[in-house]
Protein chains: 2
Amino acid sequence: MPQGLTSKGAATRDRIIEGAAVLMRQSGAGVSLDEIREATRTSKSQLFHYFPQGREQLLLAVARHEADQILADQQPHLDDLTSWRSWHAWRNTVVARYRRQGRHCPLSVLLGQLAPDDEGARTVTVDLLERWQAKLAAGVRHMQDHDLMTRGIDAERAAEALLVSVEGGALILISTGSVSPLETSLDLTLDQLRVRP
Amino acid sequence: MPQGLTSKGAATRDRIIEGAAVLMRQSGAGVSLDEIREATRTSKSQLFHYFPQGREQLLLAVARHEADQILADQQPHLDDLTSWRSWHAWRNTVVARYRRQGRHCPLSVLLGQLAPDDEGARTVTVDLLERWQAKLAAGVRHMQDHDLMTRGIDAERAAEALLVSVEGGALILISTGSVSPLETSLDLTLDQLRVRP
């Protein structure tokens, strides 16, 4: 949340971002500021108040919202990867999420609207990947500490590999419509983390 | 190669596509037809002759060229995955290729210029992924037949997982600039294919 907003102001800003996110999921990220104003019942001066730098600033805020949503969609499992049951629930939640989403990733659509070298867009992605990997690594570390996953693979490396499975699987799903590579890659990576007798 | 072109015609068409690919790698996929004409010393009527449907048709041809290039960059190893030495050479070639390419993937830049639901753009990607996976699966199958890789993992699944490693690793590299997830994921997947004593 940006500094200097009252809680009422922050709520209004959130309402605009959420409304814009819904609209962009339906109609693509090419929607105009006027369409967003109409859908969120916001005046021009209100929109300018919360997003003085205009459309790009609003797009970035919506992208951050969608990035948060990607992590939220994996809860409560992502924050509680403390048993194999929980890891499997997380795996199924991820697969179901991307299967539902299919060929349209709202975050990549949004980021595609910004300049390829846009520093803000890059920060949204990097920040998302770092938070995601940290949560996965914490889960692997917990499992290793309780002898439930092999200690033969460093927790950060394991988290990296799991993140690659999800990102690569989702990317191929967007192109081909098939969820199979995502499932295969996640399952093989998780299998590799099992403790061998 | 489209049908009905003489070999001289096909050579001219290839020259335009290659010139456009070089220009787009330098200046982005937003370059105009006039800029492409100038860079490839092509007249308006020539360009229209080879690409009667205009800019989109040329973009697709360049995308196909870049897709072929992705496979060509992995040769000679990709067509000869018959020993661990060759698999390691392939792994190093892939990592070096994406490290060199860094944050700019010419194919995704090109495909990003076409409509998200463009059937032609989708076909280029699906066709690339299918050819790629078939070559990896052939390599795994050969290794399994010679007891050099475990038979415990189906060759098609292994190929799927390897493709996810490359795609996911490349996607994260584009966002973060780090080649480490690509290396980690490839190494762990290859390690999983080893024959355990």
Side-chain angles (χ1 to χ4, degrees), chain A residues 28-30 103-105 107-109 111-113 115-117 121-130 132-133 152-154 156-194 196, chain B residues 28-30 67 103-105 107-109 111-113 115-117 121-130 132-133 152-154 156-193 196:
Chain A
R103 298 194 32 217
H104 295 272
C105 169
L107 183 59
S108 73
V109 166
L111 296 178
Q113 280 274 313
D117 291 313
R122 186 168 175 239
T123 306
V124 172
T125 320
V126 170
D127 178 61
L128 166 65
L129 294 174
E130 280 178 359
W132 199 343
Q133 185 172 325
I153 297 171
D154 175 76
E156 285 299 334
R157 289 188 82 213
E160 252 181 3
L162 287 164
L163 201 53
V164 167
S165 292
V166 179
E167 292 289 295
L171 182 63
I172 294 177
L173 169 62
I174 287 175
S175 303
T176 66
S178 165
V179 79
S180 157
L182 172 63
E183 293 184 295
T184 298
S185 179
L186 269 178
D187 290 344
L188 286 179
T189 308
L190 287 175
D191 196 49
Q192 204 166 8
L193 295 170
R194 280 179 200 290
R196 305 286 160 197
Chain B
R103 297 198 28 222
H104 295 272
C105 168
L107 183 59
S108 74
V109 167
L111 296 178
Q113 279 274 312
D117 292 312
R122 190 173 170 233
T123 306
V124 172
T125 320
V126 170
D127 179 61
L128 166 65
L129 294 174
E130 280 177 358
W132 199 342
Q133 185 172 325
I153 297 171
D154 174 76
E156 284 300 334
R157 289 187 82 211
E160 252 181 2
L162 287 164
L163 201 53
V164 167
S165 292
V166 178
E167 292 289 293
L171 182 63
I172 294 178
L173 169 61
I174 287 174
S175 303
T176 65
S178 165
V179 82
S180 157
L182 172 65
E183 293 184 295
T184 298
S185 179
L186 269 177
D187 290 344
L188 286 179
T189 307
L190 287 174
D191 195 49
Q192 204 167 7
L193 295 170
R196 306 285 159 197

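By convention in this document, chain letters (A, B, ...) are assigned in the order of the sequence lines, proteins followed by strands, and residues within each chain are numbered from 1.
The side-chain heavy atoms of A:Leu188 and B:Thr189, taken from C-beta on, include no pair separated by under 4.5 Å. Looking at A:Ile172 and B:Leu129, their side chains come closer than 4.5 Å, going by heavy atoms from C-beta outward.
Interface remark: B:Asp187 contributes side-chain atoms only to the contact with chain A (heavy atom separation under 4.5 Å). Looking at A:Ile153, only its side chain comes within 4.5 Å of chain B, counting heavy atoms on both sides. With a threshold of 4.5 angstrom between heavy atoms, B:Thr125 approaches chain A through side-chain atoms but not through N, CA, C or O.
Annotation: the span from A:Ile174 atom CD1 to B:Leu171 atom CG amounts to 8.5 Å, rounded to 0.5 Å.
In terms of heavy-atom proximity, A:Val164 sits nearest to B:Ser185 at CG1-OG, 3.3 Å. The two residues B:Arg122 and A:Ser175 make their nearest non-hydrogen contact at NE-O, 3.1 Å.
No other option in B:Pro181, B:Ala161, B:Ser178 has as many heavy-atom pairs under 4.5 Å with chain A as B:Pro181. Heavy-atom pairs under 4.5 Å with chain A peak, among B:Ala159, B:Gly177, B:Ser180, B:Ser165, at B:Ser180.
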